[in-house]
Amino acid sequence: MAALETAATSVPEDSFVSDASLRPAFFEWLCRMGDNALILGHRTSEWCGHGPVLEEDIALANTALDLIGHTQMWLGLAGEVEGEGRDADKLAYLRDAMKFRNLLLVELPKGDMAVTMMREFLFDAFHYHLLTWLADNSKSPRVAEIAAKALKEVSYHLDRASDLVVRLGDGTEESHRRMQDALDLLWAYSGEMFVGDEVDAAMTQAGIAPDLESLRGEWETTVRDVLKEATLAMPAEAGFVHKGGKQGRHTEHLGFILAEMQFLQRAYPGASW
Amino acid sequence: MYAQLVKSDAIKSREDMSPEERAFQDRVDAGEKIEPKDWMPEGYRKTLVRQIGQHAHSEIVGQLPEGNWITRAPTLERKAILLAKVQDEAGHGLYLYSAAETLGVSRDELLEKLHSGKMKYSSIFNYPTLNWADMGAVGWLVDGAAIMNQVPLQRTSYGPYSRAMIRICKEESFHQRQGYSIMMKMAFGTPEQKEMAQDAMNRFWYPALMMFGPSDKDSVHSAQSMAWKIKINTNDELRQKFVNETVPQAEYLGLTIPDENLAWNEEKQGYDFSEPDWSEFFEVIKGNGPCNRERLGDRVKAWEDGAWFRDGLNAYAERAAERRRAASVAAE
Ligand SMILES: [Fe+2]
Ligand SMILES: [Fe+2]
Ligand SMILES: [Fe+2]
């Protein structure tokens, strides 16, 4: 339970939060950050009680818990920026799939532990470099503050995922094959992380977020080093086949995640839980 | 309780004890803790392995009924709290398997016995969780009943078990509070929420009473366990205490306990209440409860599906150790 901390009460001054001209893009961008955490957290939590070994059950639940915490921070700020009275819960529970802004990568079914850990690794490596930039350089103090908090946990997630990718890749013939299959499956979804659009351009322009393309080199270095140690072959293709999640065009999977996640809020509107 | 039907030996009289046994019993009577390296009667060790093992299995299987609602938790905060709670239960399993290991039985051996049906877990986890108020009822009633049993076990004679209980009890009271907090929201919420709360109460009341195990008159050989201080109170004592504490809480919530015979008894300063259906209890223990197949099936599947994962990690670790050995030989 130590993992459940209450958010700090003092909120730094941040003029971006009330900047009307920036509002639509800033809101979109914050939803992307929050939705990635929420949907990956959801997928990770599906393992609860079903892990391959007790220590993994605990670690997976812990990762999911961290990600839900990040969701509360990002979507909470998104609601503030939007200024229409929606809080993190309203955004999480009362938007339909086409309003969700997560990457396709994080909504794919959890698969086996190979898919789960490879997905987490590919995403964490991106998430880590993104949060590092945000914590160090974002001109929005609120964004920098959330990023710094999330970064502590995400660097641990990345360490753990990297370690498992190495050990399973270089484990038995079967674990190696499963990890390579997972990598080949997920690779085609990894490019979307680096494809910017007008929302990203507006965030870069304002100094809130980095040019995504600029993170690609660091991500590739991290990924290449780990895959090499794991004796896994980095796919040759560019990895841009599947994209659109950031703009609300999802796979068929997201609708089912939301049907499950939002069930109580939808079935009993206005109740308090 | 989490260990409801632990087989143990018939109690030995002092005259029948060997000198070692007598010295051991004196230490227990004096309130000393028995540690892993100390001499102990074989019956003590075996009974403890069964009891701690059952308890550990209960924590692990106990993840499943609540895990069932994590992806449907109605707010982000409830989701986070439930995740943290279920994560704690897995942690409890870990402490308890470690305590059992100090008695010379490995976690894998115990798991094998769980998976093959040779060892049991608490009957309570074979009941389904059907609506969100069940998350309240489980925390409030199930963790509540667990606390009744575990608080006295902090004083148990076996050191590692006692220390595991002390760590676990710190977290259990939070579990009960979060359950009661869900129950309050539901019982004081909309008519539909109140209906869910009452439905959960109706389904969980008797299974919660069963957690304490059969009535003392049918409880085999608990005298020896009590003499060894691996059982501190009788089943009926704990059940009575649980009812006495729970009834006012249910009244505060405005929920009806599904027992027409429930009444305050001034003379015994406690409630009179109906016994659960013990034939149902024994069916559940035998494997015929509403969710036995699903619960054990889930655990077995998780274990089997995870074989390649564990093998992969083991193969890597062995190779890494091999490399280290080769490197140290080369350095000489
Ligand atoms: Fe527990
Ligand atoms: Fe428990
Ligand atoms: Fe608990």
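Per chain, numbering begins at 1; letters A, B, ... match sequence-line order.
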| field | residues 255-273 of chain A: residues contacting chain B (heavy atom under 4.5 Å, by number) | value |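 So far as heavy atoms go, Glu260(A), Met261(A), Phe263(A), Leu264(A), Gln265(A), Tyr268(A), Ala271(A), Ser272(A), Trp273(A) are the residues that approach chain B to under 4.5 Å.
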| Heavy-atom contacts under 4.5 Å, residues 76-90 of chain A to chain B |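 The residues closer than 4.5 Å to chain B, in numerical order, are Ala88(A), Asp89(A).
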| task | Dump the intermediate steps for side chain to side chain contact (heavy atoms under 4.5 Å, CB included) on Leu76(B) and Leu38(A), then the final yes or no. | result | CA-CA 9 Å; Leu76(B) 294 170; Leu38(A) 175 58; 3.8 Å; yes
| task | Heavy-atom pairs under 4.5 Å with chain A are the metric here; pick the option from Pro74(B), Gly91(B), Ala320(B) that has the most. | result |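 Of the candidates given, the most pairs with chain A belong to Pro74(B).
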Interface moiety of [X] toward chain A, non-hydrogen atoms closer than 4.5 Å:
X	result
Met186(B)	side chain
Tyr97(B)	side chain
Ile60(B)	side chain
Arg72(B)	both
Leu64(B)	side chain

Using heavy-atom distances under 4.5 Å, tell me whether [X] contacts chain B through its side chain, its backbone, both, or neither.
X	answer
Leu60(A)	neither
Ala59(A)	neither
Ile68(A)	side chain
Ala92(A)	side chain
Asp57(A)	side chain

Can you tell me how far the [atom1] atom of [X] sits from the [atom2] atom of [Y], to the nearest 0.5 Å?
X	Y	atom1	atom2	value
Gln63(B)	His50(A)	CD	NE2	9.0 Å
Asn62(A)	Gln87(B)	CG	CD	4.5 Å
Thr71(B)	His42(A)	OG1	NE2	5.0 Å

| message | Quick check for you: among Met113(A), Arg178(A), Glu46(A), which has the greatest number of heavy-atom pairs under 4.5 Å with chain B? | response |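 Most pairs with chain B among the choices: Arg178(A).
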| query | Among Ala114(A), Gly169(A), Gly69(A), who wins on heavy-atom pairs under 4.5 Å with chain B? | reply |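 It is Ala114(A).
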| said: Whether Glu55(A) and Arg107(B) form a salt bridge (side-chain N of Lys/Arg under 4.0 Å from carboxylate O of Asp/Glu) is what I want to check. | reply: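 Looking at Arg107(B) and Glu55(A), the cut-off is met.
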| query | So, for Val86(B) and Cys48(A), which heavy atoms are closest and what is the spacing to 0.1 Å? | reply |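 Distance-wise, the nearest heavy atoms are CG1-SG, 3.2 Å.
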| said: Quick check: under 4.5 Å, non-hydrogen atoms only, which of residues 131-141 of chain B neighbour chain A? | reply: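 Within residues 131-141 of chain B, the residues under 4.5 Å from chain A are Trp132(B).
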| Looking only at heavy atoms, which of residues 305-316 of chain B get nearer than 4.5 Å to chain A? |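 The residues closer than 4.5 Å to chain A, in numerical order, are Gly306(B), Trp308(B), Phe309(B), Arg310(B), Asp311(B), Gly312(B), Leu313(B), Ala315(B), Tyr316(B).
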| Taking atom CD of Glu195(B) as the centre, does the number of heavy atoms from other residues, nucleotides or ligands within less than 6.0 Å exceed 12? |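 No, not enclosed.
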